[in-house]
Amino acid sequence: MLSPMLSRAFRAAALAACLLSAAIVAADEVVLRVSGAVDTPLELTRADLDAMPRDEFRIPTQHDRSVMETWAGVPMIEILRKAGAPVGERLRGPNMAGYVVVIAEDGFRAVYALAEIEPRFSPERRILVADRLDGEPLGDKFGNLRIANQGEGAFSRWVRKVVALEVRLAD
Ligand SMILES: Nc1nc2c(c(=O)[nH]1)N[C@H]1C(S)=C(S)[C@@H](COP(=O)(O)O)O[C@H]1N2
Ligand SMILES: [Mo]
């Protein structure tokens, strides 16, 4: 039998381990699928995203413009390049009808045109597939990934709980 003190310590340690494992998200978990009009469909893990070119920006929060927060992640253009989507020099002619459907775990979807994502067309705009807020993983409210989009007035396309990007050409 454990003494009451030891057993209390044991329970505290077990609880701490449990909380810790919830906070640490597996690096090899697939967090983003990229499909559709791409050369190479992708299944990206957290480690893949960590190894890609990254960017961040500081922006007033949606609900209190006097508070700033920093969103960090992989620019969506980098993910499209890696998948072989028709961006860069290929973004012309019929590919000008190209767009990305951002799909969330809850079924919410939002569309970004390829020309909004491609810096050659939209040098002022920054669209991240963000995985950190103020240096921390996003947590339950935002899911693994959230679109963070600097350069528009509303937050409706800041898709939370992003699980997939589907590249399409309009009919
Ligand atoms: N997955 C998901 N993302 C979403 C939404 C949603 O319903 N589901 N709503 C959007 C809208 S309309 C807004 S205004 C912003 C901000 O939502 P929040 O205030 O709940 O963070 O999230 C956007 N992202
Ligand atoms: Mo909204």
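Everything quoted here is computed from the prediction, not taken from an experiment. Read the numbers this way: they start at 1 and go in the same order the structure lists the ligands and their atoms.
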Inset, instruction - Check whether the side chains of T45 and D48 place a donor and an acceptor atom closer than 3.5 Å, and report yes or no. - result: yes
Inset, instruction - Using a 4.5 Å cut-off on heavy atoms from C-beta on, say whether the side chain of T70 contacts that of L133. - result: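 Answer no - side chains too far apart.
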Legend entry - Heavy-atom check, side chain of P137 versus side chain of D131, under 4.5 Å: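 P137 vs D131: side chains apart.
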Which pairs would a plain distance check flag for residues 161-171, meaning a side-chain donor or acceptor within less than 3.5 Å of a matching protein atom at least two apart in sequence or in another chain?
unit_1 : atom_1 : unit_2 : atom_2 : d
K161   : NZ     : D140   : O      : 3.2
E166   : OE2    : R168   : NE     : 2.8
E166   : OE2    : R168   : NH2    : 2.8

Quick one: side chains of residues 100-116, donor-acceptor pairs under 3.5 Å with protein atoms, not counting sequence neighbours, listed by atom name and distance.
unit_1 : atom_1 : unit_2 : atom_2 : d
D106   : OD1    : F108   : N      : 3.0
Y112   : OH     : N149   : ND2    : 3.2
Y112   : OH     : R157   : O      : 2.9
E116   : OE1    : A113   : N      : 2.8
E116   : OE1    : R157   : NH1    : 3.2
E116   : OE2    : R157   : NH1    : 3.3
E116   : OE2    : R157   : NH2    : 2.8

Legend entry - Close residues, ligand 1: non-hydrogen atom nearer than 4.0 Å: Q62, H63, A104, D106, F108, K141, R146, F155, S156, W158, V159, R160
Legend entry - Pairs where residues 123-171 contributes a residue and the test ring-ring contact (aromatic ring centres under 6.0 Å, His included) is met, not counting sequence neighbours: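 Listed once each, the pairs are W71-F142, W71-W158, F155-W158.
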